[in-house]
Amino acid sequence: MTKIKSLADLKKIRDEMQSKIKLRENSEHPEQTVQIKVGMATCGIASGAKETMSYFVEELEQQAIDAVVTQTGCMGFCYAEPTVEVTLPGKEPVVFGYVNKSKAEEIIEVYIKRGELVDGIIPLNFKTIDD
Amino acid sequence: MSEYKMQILVCSGTGCKASESEEIINSLNSLLDEFGLENDVQVVRTGCFGFCEKGPIVKILPGNTFYVRVTPADAEEIIKEHVVKGRTVERLLYTDPVTHENISDSKGIDFYKKQIRIALRNCGFINPENIDEYIARDGYMALGKCLTELTPEETIQEIKDSGLRGRGGGGFPTGLKWEITRKSEADQKYVVCNADEGDPGAFMDRSILEGDPHSVLEAMAICGYCIGADIGLVYIRAEYPLAINRLKTAISQAREVGLLGEDILGTGFNFDIELRYGAGAFVCGEETALIHSMEGLRGEPTFKPPFPSVSGYMGKPTNVNNVETFANIPVIINKGAGWFNKIGTEKSKGTKVFALAGKINNVGLIEVPMGTTLREVIYDIGGGIKNGKKFKSVQTGGPSGGCLTKDFLDTPIDYDNLIAAGSMMGSGGMIVMDEDDCMVSIARFYLEFTLEESCGKCTPCRIGNKRLHEILDKITRGKGKPEDIERLKVLSSVIKDTSLCGLGQSSPNPVLSTIANFEDEYLAHVNEGKCPAGQCKALLKYEIVEDLCTGCTLCFRNCPVGAITGERRLPHYIDQSICIKCGVCFEKCKFNAITLT
């Protein structure tokens, strides 16, 4: 990693990172990457998030679907762990609850491949600091 | 991609399910079939929208039309009007209680969102092990702003103006604490992050550290800049291994890019952070005990003053703040005190994270503006009480807090209101209890906890809590006397007045608040030998109703202790002196011949 030596440096890196993420999120090309975030705090892991995450990684790779699977912290929906957020190219992120292996399979087959929603969406019920 | 032109989202959270959301889904689907629209419109079940009071909720995409209090009978109108003709069904829209306007489309779609995520802004959003993602979300910009544009005094003023108060429980004004530590003169000062989260049921600090460790590191550096410290220490319990790992990763990444260490951002400011592990003692959340534990001494509190801001770690001025408090700091600097202090109530600004637990449908971590009512938290965001039971009480503030009744459901939550109601904010655990919970047992449970966790240094806490626990235990075993209630009250006030630290000063709170709010339950235990909630086993009595007993011998054969006697085809009898109240006979009896009193 390069050293950040000044506030200007920091701003530059921030802008680079933001546009990199935007590029990923806002692309209209269907061949662009699918983004998947798995809630991997202690609560999620205890409910099987590790298995869910590795299933996504392996299954998407095997099916040659262009996707980035990353971990994130607690989304707050402890009653519905493991929770997973899926962002299809050009679409709003969608959060799914109770994602075990079979739910993950359904998400890949129905939502990621066909773009149809599946049951078990968790509506985001909070405002962010930018709202 | 999807062939569907429209998607109808129907809430199937527990609350909405109870008000027939499944029937709505069935009606919608059969109507779609009828109109031949099943390939154009998809009906999807969702989790809780957090607006259960107005449920069942139906949301239609595209357009984000938000229908409330929908009934199965409304399905036809939704399909005929909205789906077929594209006309919004006005009568099902949410009406703003103030302006009386109907709110329909995406512009007003946030109206039902009662949560604002400030401290949790990045939790569940960024990858906590990647500093770049934090930077992309304005990470370390607040530190940069302080170091290059603001003097320490100006930064402290900003924090003071924001009205931020300590989120660990006490609610001391954060800016003031920083100012006092800044004014203490010394060759070395320290910033300490209190990550010794110990309240049963509270896990917000762990979640912040696991989901957004950099926000805490950044805030600690800002604090160091303000008070004149170059070393920060995070005191974290060893039983949080994942949080420790993520913190370690975050610290090493920040060092690698030069956001911790020497000459940060070329400003000449030095700051580094180390971890200190605790063994998980509750009393070490008290700042003097925490400091002693970090020094390698026994985790025991000492008398204040001197406050840590004057003489703390290694005898040097030390600023101790809680994880959640720190997580708010970067946002206050970036968005300004004026933005922050518009959220919340007059004396409690900003938001508070609560860990919702107990007999509630949507167990989880929530962040609401100060001033939100308990009713909104429990019935909307929390989705109400499990299994449709009746709400009895909510416990806030952990072992130092109290149990509030339904009379307090409409009290806006802030530091001062909770104290006035006989409880406290604490670190934000919120445990919901239903009609099946015995309040005497709850008080006993918390006393058991304080008893285990008392360090034993001062007599009132060490011995007083033991006696409190004994009396409570006696009551739950049916051996209590009416005068015990008065003894509990007297003893509690002595412990509160004479204990050395916050642990003892607050440990009788669960007892006092349950006596104040549920005295009838205590009286039922001591006067009638009954537990109204049916929780205290010793007070239960299983009896066989002679007229209903057929003498089938099923209870006799299943009783594990041989307490049941009787001849075949003749009424049986339970010997109360042998019965262990396991309830097997009650479950097995096919003739409802066994009563429980």
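Owing to the predicted nature of the structure, the values given are computational and were not obtained by experimental measurement. Each chain gets a letter, A, B and so on, in the order its sequence line appears, and its residues count up from 1.
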Over 12 non-hydrogen atoms of neighbours within 6.0 angstrom of NZ in B:Lys335: yes

Heavy-atom closest contact (A:Tyr79 atom, B:Asn361 atom, distance): CB-O, 3.8 Å

Under 4.5 Å from a heavy atom of chain A, the part of B:Leu9 involved: side chain

Side-chain H-bond candidate by donor/acceptor type, A:Gln71 with B:Glu129, under 3.5 Å: yes

Any donor-acceptor pair under 3.5 Å from A:Thr72 side chain to B:Ile126 backbone: yes

Shortest non-hydrogen separation from B:Pro128 to A:Gly73 and the atoms involved: CD-N, 4.1 Å

Closest heavy-atom pair and its distance - A:Leu124, B:Lys113: O-CE, 3.2 Å

Stepwise side chain to side chain contact (heavy atoms under 4.5 Å, CB included) check, B:Lys114 with A:Phe126: CA-CA 6 Å; B:Lys114 297 187 189 291; A:Phe126 56 85; over 6 Å; no

Contact class of B:Leu242 relative to chain A, heavy atoms under 4.5 angstrom: side chain

Among the listed options A:Thr83, A:Asp119, A:Leu7, the residue most often paired with chain B at heavy-atom distances under 4.5 Å: A:Asp119

Residues in side chain to side chain contact (heavy atoms under 4.5 Å, CB included) contact with B:Lys17, at least two apart in sequence or another chain: B:Ser21, B:Glu22

Spatial distance of atom CG (B:Asn64) from atom CD (A:Glu92) [nearest 0.5 Å]: 8.5 Å

Which portion of B:Ile116 sits near chain A, non-hydrogen atoms under 4.5 angstrom: both

Side-chain heavy atoms of B:Leu259 within contact of A:Ile4, under 4.5 Å: yes

B:Asp138 portion near chain A, given a 4.5 angstrom heavy-atom threshold: both

Shortest non-hydrogen contact between A:Cys43 and B:Arg206, atoms and distance: N-NH2, 4.0 Å

Evaluation steps, side chain to side chain contact (heavy atoms under 4.5 Å, CB included), between A:Ile129 and B:Arg117: CA-CA 7 Å; A:Ile129 53 172; B:Arg117 292 206 173 164; over 6 Å; no

Closest-packed option against chain B by number of heavy-atom pairs under 4.5 Å, given A:Ile45, A:Thr42, A:Thr128: A:Thr42

Heavy-atom closest pair, residues A:Pro123 and B:Cys48: CD-O, 3.4 Å

Pick from B:Ile366, B:Leu365, B:Val363 with the largest number of heavy-atom pairs that fall under 4.5 Å of chain A: B:Val363

Option that, when pairs with chain A are counted at under 4.5 Å, heavy atom only, ranks first among B:Arg246, B:Arg45, B:Met141: B:Arg45

Test side chain to side chain donor-acceptor pair (under 3.5 Å) applied to B:Arg121 - qualifying residues, sequence neighbours left out: none

Stepwise side chain to side chain contact (heavy atoms under 4.5 Å, CB included) test for A:Leu10 and B:Tyr140: CA-CA 8 Å; A:Leu10 182 66; B:Tyr140 291 101; 3.9 Å; yes

Portion of B:Val331 that has a non-hydrogen atom of chain A nearer than 4.5 angstrom: side chain

Which atom of B:Glu210 lies closest to which atom of A:Ala41, heavy atoms considered: OE1-CB, 3.1 Å

Which atoms of B:Phe203 approach chain A - backbone, side chain, both or neither, heavy atom under 4.5 Å: side chain

